[in-house]
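Notes for the one structure printed next.
Values reported hereafter were calculated over all heavy atoms of this structure, with side chains retained and with hydrogens, waters and symmetry mates removed. In each ligand, atom 1 is the first atom listed, and ligand 1 is the first ligand listed.
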Amino acid sequence: MTATCVVGLQWGDEAKGKIVDLLSEQFDYVVRYNGGANAGHTVVVGGRTFKLSLLPSGVIRPNVTSVIGNGVVVYPPRFLEEVEQLQQHGFDLSRTLALSDHAHLIFPYHIEEDRLAESNGDSSIGTTGRGIGPCYQDKVGRRCGIRIGELFHPEHFRERLARIVPFKNRLLAAIANGHVERVRPFDAEALAQEYLGYAERLRPYVRDTCRLLQEAIRNGKRILFEAAQGSLLDVDHGTYPYVTSSSSLPAGIWSGAGLPARYITRIIGVVKAYTTRVGQGPFPTELNDGPDGYGERIRRAGKEYGTVTGRPRRCGWFDAVAVRYTAALAGADEITIMLLDVLSGLPEVKICVEYECDGERTTHFPSDAYELQRCRPIYETLPGWDANISSAHRLADLPTAARRYVDRISELIGLPVSIISVGPDREQTIRLGS
Ligand code: IMP
């Protein structure tokens, strides 16, 4: 009667998908509780690569039921596209995928609102442009939010859109600040028809997922929660305002999936062996050291380009101050260190152990963006390693310098390391714990 959560402890893209995929054979359910198609997980199985942004990473396992919880925001064309992509590869999801009837729907006007708001230079957050923030705004604002369950009441759904769409058109024109050529007005009836068309294709998956999960826990099933985005992008505890609009920390599970926190007994914090970030916002250990510098070398070796947007990710050294902060908030019991192989070949590797902020040294992470941007990293430098470690299977296969690096991270965060990943495939994994 217990559940586990896999959560990223940096700014997302920590390769959580691989950990979920590795662990999911021990679970009956894999559940997403936050975010939407802004997440990007890549799962590589037997040389085949699956790029998912909305479906849980566990969907590749035939004996696992994948659940999209009520806390997720769903763009139906994206959902259907991912389902069809997997069906073409022979995966039958009809009995193993459940979509919450309480999850909120993303409409094209949300995507348009995201795009227009982002084009207002100064206030840009660097979003993924998937309409995530505007949809969550509508959810919390209540007047314009529409849930998946409403699709199955066509008259009610039509009436709601007929009231909402004219308001949205005025809002979009206002955000565009009089530049009408930038705005695409929406037609309520056309949208209603489009979405009612999706309704029938979604129907086989739509369920009361809170009940489903509560029954599962009562029946002794094993549940794995998969956080989307990283803890530093959490709307409350991340580097606000440069965050996403949902609770990516495990705290989001209770509200975003309907399962009380007391059932979650294991929290696995996932970190990269270095740090990346996409979009705007402070990043103390960012490496801006030119085309031949460490930052670019890490980007190239780690193929650090966004799964969703293709944007080059900002790269930097491992930040132990930030990860200690998120590990504590997440309640992590252990960490997994991903992409260690990317650092092979660097003459030295650095870990940020403290910040210098307004002339003072601190190990405290100020999550407010305006404070964090005044912090400078204080580094500890460790020797690098040359060997290609991508086929290491045991800790003993790693060069001494790589083992020292892993040990130092574990010591600084104060948590044991349970998995080290040295490549994208399932086989390229060193398991240290359970
Ligand atoms: P939004 O979630 O699209 O609103 O974007 C808000 C911020 O979160 C931006 O900086 C995005 O780049 C970032 N973000 C959202 N999803 C992810 C993700 O899955 N990985 C990394 N960054 C993300």
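In the vicinity of L233, heavy-atom distances shorter than 4.0 Å reach the ligand 1 atoms 8 (O), 13 (C), 14 (N), 22 (N), 23 (C). Ligand-side atoms of ligand 1 in range of G126: 9 (C), 10 (O), 11 (C), 12 (O), range being under 4.0 angstrom from any heavy atom. Listed by number with element, the atoms of ligand 1 under 4.0 angstrom from any heavy atom of I125 are 10 (O).
Applying the side-chain hydrogen bond (donor to acceptor under 3.5 Å, both in side chains) criterion to H104, with sequence neighbours excluded, gives no partner residue. Under the ring pair (Phe, Tyr, Trp, His ring centres under 6.0 Å) criterion, F157 pairs with no residue, sequence neighbours left out.
On a distance-only criterion, V278 and ligand 1 share at least one N/O pair closer than 3.5 Å. Taking only nitrogen or oxygen atoms, main chain and side chain alike, Q280 does not reach within less than 3.5 Å of ligand 1. At least one N/O-N/O distance between R311 and ligand 1 falls below 3.5 Å. Ligand 1 has an N or O atom lying under 3.5 Å from an N or O atom of T128, backbone or side chain. Considering backbone and side-chain N/O of T127, none are found under 3.5 Å from N/O of ligand 1. Below 3.5 Å of separation, one finds no N or O of D114 facing any N or O of ligand 1.
Classified by interplanar angle (parallel below 30°, tilted 30° to 60°, perpendicular above 60°), the ring pair W385/Y405 is tilted. Relative orientation of the Y33 and F225 rings is perpendicular, given thresholds of 30° and 60° on the angle between their planes. Below 30°, between 30° and 60°, or above 60°: for Y325 and F365 the angle between ring planes is between 30° and 60°, a tilted geometry.
Residues W11 and V278 form no side-chain contact, since every pair of their non-hydrogen atoms from C-beta on lies 4.5 Å or further apart.
The protein non-hydrogen atom at the shortest distance from atom 20 (N) of ligand 1 is D13 OD1, 3.0 Å. Of all protein heavy atoms, the one lying nearest to atom 2 (O) of ligand 1 is T244 OG1, 2.6 Å. For atom 18 (C) of ligand 1, the closest heavy atom belonging to the protein is N38 O, 3.7 Å. Scanning the protein for heavy atoms near atom 6 (C) of ligand 1, the closest one is V243 O, 3.3 Å.
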Item to complete: For D92 and Q87, run side chain to side chain donor-acceptor pair (under 3.5 Å): C-alpha distance rounded to whole Å, both residues' side-chain angles, the deciding distance at 0.1 Å, then the answer.
Response: CA-CA 6 Å; D92 175 14; Q87 276 167 344; 5.3 Å; no
Item to complete: Check the pair F107 / Y195 against ring-ring contact (aromatic ring centres under 6.0 Å, His included), numbers first and verdict last.
Response: CA-CA 9 Å; F107 287 89; Y195 272 63; 4.4 Å; yes
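Ligand 1 is never approached by A228 to a heavy-atom distance shorter than 4.0 Å. Contact annotation: R130 has no heavy atom less than 4.0 Å from any atom of ligand 1. Using 4.0 Å as the threshold, W11 has a heavy atom nearer than that to some atom of ligand 1.
A salt bridge between D101 and R207 is absent, with no side-chain N of the basic residue lying under 4.0 Å from a carboxylate O of the acidic one.
The closest side-chain donor-acceptor pair between E82 and S53 falls under 3.5 angstrom.
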